[in-house]
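Residue numbers start at 1 and run along the sequence shown.
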Amino acid sequence: VQLQASGGGLVQAGDSLILSCAASERTFRCNAMGWFRQAPGKEREFVASITCGAGGGTKYGDSVKGRFTASRDRDKGTVQLHMNNLKPEDTAVYYCAAQQDGSRRFRNGIYIMDYWGKGTQVTVSS
């Protein structure tokens, strides 16, 4: 399965942006989907995750709590990342990822993902 993220762009500090991610196969069954980001010269950072089951439980990285919200459209098989009050330090390439159904792997409480998209650039100017 391939994941395609979209919605990145150039915005100003304080603006909002919505990223979307879709799987290439509508029949793809996932346990969870998430967003990670990587800024130049920095390690990849966990941003948010949402379970694919009925509960739709979410987790967030400390740096985005209260500003970002993960949601999903189960009918369309897509997940979104609603980013509010963006800051220059949010500038990064954002990656969509998915953990396949039946996998229950975690590292430090964060889902270990099986599939990764190519990423979309988000740039926040001050």
Shortest non-hydrogen separation from A70 to S49 and the atoms involved: CB-O, 4.4 Å
Test log, rule ring-ring contact (aromatic ring centres under 6.0 Å, His included), inputs Y60 and F68: CA-CA 8 Å; Y60 298 96; F68 291 11; 8.4 Å; no
Pairing donors with acceptors under 3.5 angstrom, does anything connect the side chains of Y115 and Q100? yes
Sole residue of L19, I18, L17 in side-chain contact (heavy atoms from CB on, under 4.5 Å) with H82: I18
Check for a donor-acceptor pair, side chain of N108 on one end and backbone N or O of I110 on the other, with a separation under 3.5 Å. no
Judged by atom type as modelled, is there a donor-acceptor pair below 3.5 Å linking the side chain of S16 to the main-chain atoms of N84? no
ILVMFWY cluster, W116 and L3 together (side-chain gap under 4.5 Å): no
Give a yes or no on this: more than 12 heavy atoms of other residues, nucleotides or ligands lie within 6.0 Å of atom CD of Q12. no
When you measure from the side chain of Q99 to the backbone of R105, do you find a donor-acceptor pair of N or O atoms at a distance under 3.5 Å? yes
Do N31 side-chain atoms and G102 backbone N/O form a donor-acceptor pair below 3.5 Å? no
Indicate if L81 and M113 have the same hydrophobic cluster label, given that clusters are the connected sets of ILVMFWY residues with side-chain heavy-atom separations under 4.5 angstrom. no
Charged N-O contact under 4.0 Å between K87 and D90: no
Is the backbone N or O of Q2 less than 3.5 Å from a side-chain atom of S24, with the two atoms forming a donor-acceptor pair by type? yes
For R67 and N85, indicate whether the former's side chain and the latter's backbone hold a donor-acceptor pair under 3.5 Å. yes
Is a side-chain N or O of R72 found less than 3.5 angstrom from the main chain of Q80, in a donor-acceptor match? no
Polar side-chain atom of S126 near backbone of P88 as donor-acceptor pair, under 3.5 Å: no
May I ask you to check whether over 12 heavy atoms, not counting those of Q121, lie within 6.0 Å of atom CD? yes
Would V64 end up clustered with Y111 when hydrophobic side chains under 4.5 Å apart are linked, directly or stepwise? no
When you compare the side chains of R37 and S63, does any donor N or O come within less than 3.5 Å of an acceptor on the partner? yes
Using a 6.0 Å distance limit plus a 45 degree cone around the ring axis, check whether K59 lies over the aromatic ring of F46. no
Could you walk me through whether V47 and Y95 pass the side chain to side chain contact (heavy atoms under 4.5 Å, CB included) check? CA-CA 9 Å; V47 176; Y95 296 92; over 6 Å; no
Any side-chain heavy-atom pair of D101 and C30 under 4.5 Å: no
Got a donor-acceptor contact below 3.5 angstrom from the T78 side chain to the A22 backbone? no
Q38 and R44 have their tightest heavy-atom pair at NE2-N, 3.8 Å
Closer than 3.5 angstrom, by distance alone: can the side chain of S125 be matched with the main-chain N or O of V11 as a donor-acceptor pair? yes
Say you draw a straight line from OG of S103 to CD1 of I112; how long is it, rounded to the nearest 0.5 Å? 7.5 Å
Closest non-hydrogen atom pair, C96 against M33: SG-CE, 3.9 Å
Same apolar cluster (I L V M F W Y, side chains within < 4.5 Å links), W35/V1: yes
Ring centers of Y94, F36 separated by less than 6.0 Å: no
Using the rule that Ile, Leu, Val, Met, Phe, Trp and Tyr join whenever any side-chain heavy atoms are under 4.5 Å apart, tell me whether F28 and I50 fall into a single cluster. yes
Is the number of heavy atoms from other residues, nucleotides or ligands within 6.0 Å of CZ (R107) greater than 12? no
